[in-house]
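Quick notes on the structure that follows.
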Amino acid sequence: MAIEGLNDVPFAIQRVYYILGSTGSSRGFHAHRELEQLLTCPVGSCRVTLDDGHRRRDFQLQGPDQGLYIGPMIWREMHDFSEGSLLIVFASAWHNEDDYIRDYNEFRKLARDGHGH
Ligand code: T46
């Protein structure tokens, strides 16, 4: 699998990390103010819930031909990892805790007021 920044994804890739999934674990539960990411689950599967402050939608990720782009100010949760699954994430910036919004009520207010950035 090959991913090219500014070609396959609409941003320059500055960081890559992966999450090894195990049954029963959930991750995420936050939004990013500015970060852009592409998620792909080339091995196994997981379900990603996205929320823009107005509505929620679930995406099932399974296989290397699927990628999920997540722009700024989107709440994300990852659920239902299959045992031994591999979620690879390509990100537009280095890790920065200041970019996180970890409180859902704060996120929803900012998103609805359009003041996230
Ligand atoms: C996201 C979803 C899809 C680092 O030090 N460097 C890193 O690059 C990352 C990703 C994390 N960390 C540390 C920060 C925390 O102490 O690892 C710990 C767990 O991070 P976080 O709570 O962000 O983990 P996840 O798995 O809930 O979320 C991750 C990404 O961090 C996040 O940006 O959108 O995957």
Side-chain angles (χ1 to χ4, degrees):
M1 187 178 87
I3 302 272
E4 297 185 351
L6 298 173
N7 192 1
D8 299 309
V9 296
F11 55 84
I13 295 167
Q14 195 161 24
R15 177 167 54 110
V16 179
Y17 61 92
Y18 62 85
I19 295 169
L20 295 174
S22 59
T23 309
S25 62
S26 291
R27 301 290 295 261
F29 301 97
H30 59 257
H32 288 281
R33 297 176 192 276
E34 296 187 354
L35 190 70
E36 296 175 82
Q37 303 196 103
L38 182 90
L39 279 60
T40 184
C41 192
V43 179
S45 63
C46 68
R47 176 172 59 88
V48 181
T49 302
L50 298 185
D51 181 332
D52 66 359
H54 297 276
R55 63 199 177 111
R56 293 197 149 218
R57 193 172 151 189
D58 279 353
F59 297 85
Q60 189 72 18
L61 283 183
Q62 180 166 20
D65 58 335
Q66 289 184 330
L68 182 64
Y69 169 79
I70 308 179
M73 288 303 290
I74 301 289
W75 185 265
R76 81 284 318 269
E77 300 170 9
M78 294 92 81
H79 302 285
D80 299 342
F81 288 98
S82 63
E83 192 64 37
S85 58
L86 175 67
L87 179 67
I88 302 179
V89 183
F90 300 88
S92 64
W94 294 329
H95 179 257
N96 173 14
E97 191 59 38
D98 292 342
D99 188 58
Y100 283 73
I101 304 169
R102 293 191 182 273
D103 181 273
Y104 182 73
N105 290 328
E106 179 191 356
F107 159 74
R108 202 165 67 158
K109 185 172 187 329
L110 289 170
R112 290 187 168 187
D113 293 349
H115 295 315
H117 305 289

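We use all heavy atoms of the structure for the numbers below, so side chains are in, but hydrogens, waters and symmetry mates are not. Order of listing sets the numbers, starting from 1, for every ligand and every atom in it.
- The nearest protein heavy atom to atom 17 (O) of ligand 1 is not closer than 4.0 Å.
- Ligand 1 has no N or O atom lying under 3.5 Å from any N or O atom of Leu35, backbone or side chain.
- A salt bridge does not link Glu36 to Arg15: none of the charged nitrogens lies less than 4.0 Å from a carboxylate oxygen.
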Determine, step by step, whether Ile101 and Arg33 satisfy the side chain to side chain contact (heavy atoms under 4.5 Å, CB included) criterion, reporting the C-alpha distance in whole Å, the side-chain angles of both residues, the deciding distance to 0.1 Å, and the verdict. CA-CA 7 Å; Ile101 304 169; Arg33 297 176 192 276; 3.8 Å; yes
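- The nearest heavy-atom contact from the protein to atom 27 (O) of ligand 1 is Gly28 N, 2.8 Å.
- Only the side chain of Ile19 comes within 4.0 Å of ligand 1, counting heavy atoms alone; its backbone N, CA, C and O stay farther away.
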Decide salt bridge (charged side-chain N to carboxylate O under 4.0 Å, His left out) for Arg47 and Asp58; before the verdict, give the C-alpha distance in whole Å, the side-chain angles of both, and the deciding distance to 0.1 Å. CA-CA 7 Å; Arg47 176 172 59 88; Asp58 279 353; 3.0 Å; yes
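- Among protein heavy atoms, the minimum distance from atom 29 (C) of ligand 1 is reached at Tyr17 OH, 3.5 Å.
- For atom 28 (O) of ligand 1, the candidate residues are Glu97, Arg15, Gln37, His30; the nearest heavy-atom contact is made by His30.
- Put simply, the side chain of Glu83 gets close to the backbone of Thr23: a donor and an acceptor are under 3.5 Å apart.
- Electrostatic pairing of Asp51 and Arg55 does not count as a salt bridge here, judged by no charged N lying under 4.0 Å from a carboxylate O.
- What sits closest to atom 33 (O) of ligand 1 on the protein, heavy atoms only, is His32 NE2, 2.6 Å.
- Within the structure, ligand 1 has Tyr100 among the residues with a heavy atom less than 4.0 angstrom away.
- Nearest non-hydrogen protein atom to atom 3 (C) of ligand 1 is Met78 CE, 3.4 Å.
- Side-chain rings of His79 and Phe29 approach one another, their centers coming within less than 6.0 Å.
- Within a 4.0 Å radius of atom 25 (P) of ligand 1, the protein has at least one heavy atom.
- Closest heavy-atom contact between Glu34 and Pro72: O-CG, 3.6 Å.
- Between Phe107 and Tyr104, the angle of the ring planes lies from 30° to 60°, which puts this pair in the tilted group.
- The Arg76 neighbourhood of ligand 1 comprises atoms 1 (C), 34 (O), with distances under 4.0 Å to a heavy atom of that residue.
- Of the candidates Arg102, Arg27, Glu77, His95, it is Arg27 that places a heavy atom closest to atom 19 (C) of ligand 1.
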